[in-house]
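Every heavy atom of this structure was used, including side-chain atoms; hydrogens, water molecules and symmetry mates were not. Positions are given from 1, in the same order as the sequence printed here.
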Amino acid sequence: MSTLQLTVVGSGDAFGSGGLLNTCFYVAAPSVRFLIDCGATTLPGLKQRGLKSEDVDVIILSHFHGDHFGGVPFLLLDAAVTKRARPLTIISPPGARPRIIRLLEVLYPGTEVLEKIQVNFLEYQPYETLTTKYLSVQAYPVVHTEAALPHGLRISVAGKVISYSGDTEWTDTLLDLARDADLFICECNFYDTQVKGHLNYLTLRQRLPELGHKKILLTHLDQEMLDQLDQLELAYAVDGQVVTV
């Protein structure tokens with residue numbers, strides 16, 4: 001069983017609370033390097049950590065909100081400009097290709113980015129396992145904005161399991177996602193405020209004994225959470241942090 005190294009590229013919410021970057025985690029496994037989500041600030045976040053678009057083999061997307069997939073066009077543009085030769089794989093809910101094409105047309109008309117690099121689009125289906133050469137992804141629908149096709153992800157790679165809640169309010173689906181995971185990355189947008197589509201810390205803390213994970217890392221922190229960091233008993237993500245799994 002190999003050791004994985006996870007770098008927190010961005011741990012913030014959609015509003016950049018506390019100056020944090022949008023959601024993105026970079027995972028280096030022995031045979032593959034991948035992103036879990038790719039928020040709008042991902043490319044500068046990678047470069048701040050000494051990483052390049054060339055260092056990414058796979059992008060795995062949880063849902064189609066800008067702070068989770070809005071960085072894809074910029075990463076693709078960078079790959080095209082630097083003449084990336086290797087294929088890049090994007091794993092997502094159904095519909096990533098047309099959405100990304102539309103974004104590129106709006107943001108960079110006339111650049112023909114996808115004509116200059118090889119991008120393989122793979123779509124997962126709820127509860128099914130999508131398997132590639134080096135990793136597999138099992139996706140679970142969660143409770144967030146329905147139009148964004150929100151999913152939690154259970155990623156198996158190099159004998160380890162990294163689970164990720166995506167954006168969601170409490171749902172018992174989290175029990176299946178987190179069970180026996182070597183690392184469970186869990187959104188925790190608020191401390192005690194209850195908002196549809198997002199978790200708060202007090203609810204998560206109450207249900208924690210049911211989850212069954214080995215290690216947890218909270219993410220997607222808004223200002224309310226940032227103001228309460230001294231009250232937290234659970235580990236939380238910080239931009240630039242490196243976690244060994």
Side-chain angles (χ1 to χ4, degrees), residues 1-11 21-39 42-62 68-69 71-72 75-76 78-79 82-93 96 117-124 128-140 151-166 176-186 211-219 235-245:
M1 187 176 294
S2 301
T3 297
L4 311 181
Q5 189 175 77
L6 179 145
T7 300
V8 180
V9 179
S11 60
L21 301 184
N22 292 157
T23 300
C24 179
F25 301 92
Y26 177 84
V27 181
S31 301
V32 65
R33 299 162 299 177
F34 60 95
L35 300 182
I36 304 173
D37 275 347
C38 185
T42 290
L43 185 59
L46 287 171
K47 293 187 175 184
Q48 287 174 16
R49 314 299 164 210
L51 299 166
K52 308 181 294 293
S53 58
E54 180 69 21
D55 297 321
V56 179
D57 303 309
V58 180
I59 301 172
I60 306 173
L61 302 175
S62 66
H68 293 263
F69 95 113
V72 174
L75 193 144
L76 295 181
D78 186 77
T82 56
K83 298 182 172 19
R84 178 188 176 109
R86 297 183 301 107
L88 174 69
T89 298
I90 297 177
I91 300 174
S92 73
I117 55 176
Q118 182 180 342
V119 182
N120 301 320
F121 290 91
L122 302 178
E123 299 179 346
Y124 54 68
E128 296 180 1
T129 299
L130 188 157
T131 301
T132 70
K133 185 175 181 180
Y134 297 113
L135 58 79
S136 65
V137 179
Q138 189 172 18
Y140 294 77
H151 290 78
L153 305 172
R154 191 172 169 91
I155 303 164
S156 299
V157 58
K160 299 289 182 71
V161 174
I162 297 176
S163 289
Y164 171 48
S165 68
D176 294 323
L177 272 170
R179 187 173 295 114
D180 298 324
D182 294 284
L183 177 64
F184 177 42
I185 305 170
C186 188
L211 290 173
H213 55 275
K214 297 176 184 176
K215 184 187 295 186
I216 192 169
L217 190 67
L218 307 184
T219 189
Y236 56 88
V238 176
D239 290 7
Q241 177 182 6
V242 177
V243 178
T244 299
V245 182

Query - Steps toward side chain to side chain contact (heavy atoms under 4.5 Å, CB included) verdict (F25, V8) - result: CA-CA 5 Å; F25 301 92; V8 180; 4.0 Å; yes
Query raised in the report: Side chains of Y26 and L46: does their closest heavy-atom pair fall under 4.5 Å?
Result: yes
Requested in this report: Taking side-chain contact (heavy atoms from CB on, under 4.5 Å) as the test, write out the residues that go with A29, two or more places apart.
Outcome: L4, V32, V157
Report task. Determine whether L135 and I91 make a side-chain contact, defined as any pair of heavy atoms from C-beta on separated by less than 4.5 Å. Result -> yes
Query raised in the report: Who passes salt bridge (Lys or Arg N to Asp or Glu O under 4.0 Å) against R179, sequence neighbours left out?
Result: D176
Query raised in the report: Who pairs with Y124 by ring pair (Phe, Tyr, Trp, His ring centres under 6.0 Å), at least two apart in sequence or on another chain?
Result: H151
Query raised in the report: With sequence neighbours left out, what residues match D180 under salt bridge (Lys or Arg N to Asp or Glu O under 4.0 Å)?
Result: none
**Report entry** Those residues that, when tested against E54, pass salt bridge (Lys or Arg N to Asp or Glu O under 4.0 Å) (two or more places apart)
**Finding:** R86
Query - Polar side-chain atom of R154 near backbone of S163 as donor-acceptor pair, under 3.5 Å - result: no
Report summary line: side-chain contact (heavy atoms from CB on, under 4.5 Å) filter on S156, not counting sequence neighbours, yields S136, V161
Query raised in the report: How would you list, by chain and number, every residue that makes a salt bridge (Lys or Arg N to Asp or Glu O under 4.0 Å) with R33, sequence neighbours excluded?
Result: D55, D57
Query - Side chain to side chain, L6 and I185, heavy atoms closer than 4.5 Å - result: yes
Requested in this report: Output all residues satisfying side-chain hydrogen bond (donor to acceptor under 3.5 Å, both in side chains) with K215, sequence neighbours left out; order by chain, then residue number.
Outcome: none
Query raised in the report: Do D182 side-chain atoms and I162 backbone N/O form a donor-acceptor pair below 3.5 Å?
Result: no
**Report entry** L88: which of I117, V58, L76 passes side-chain contact (heavy atoms from CB on, under 4.5 Å)
**Finding:** L76
Query raised in the report: Can you find a heavy atom in the side chain of L51 that is under 4.5 Å from one in the side chain of V56?
Result: no
Query raised in the report: Does any non-hydrogen side-chain atom of L21 lie less than 4.5 Å from one of Q48?
Result: yes
Query - Set of residues satisfying side-chain hydrogen bond (donor to acceptor under 3.5 Å, both in side chains) with respect to S62, sequence neighbours excluded - result: D37
**Report entry** S53: partners by side-chain contact (heavy atoms from CB on, under 4.5 Å), with sequence neighbours left out
**Finding:** L75, D78, A79, T82
Query - Under the side-chain hydrogen bond (donor to acceptor under 3.5 Å, both in side chains) test, residues paired with T219 that sit two or more places apart - result: none
Report summary line: Heavy-atom closest pair (V242 atom, Q5 atom, distance to 0.1 Å) is CG1-CG, 3.3 Å
Query raised in the report: For S31, which residues count as a side-chain contact (heavy atoms from CB on, under 4.5 Å) partner, sequence neighbours excluded?
Result: Y134
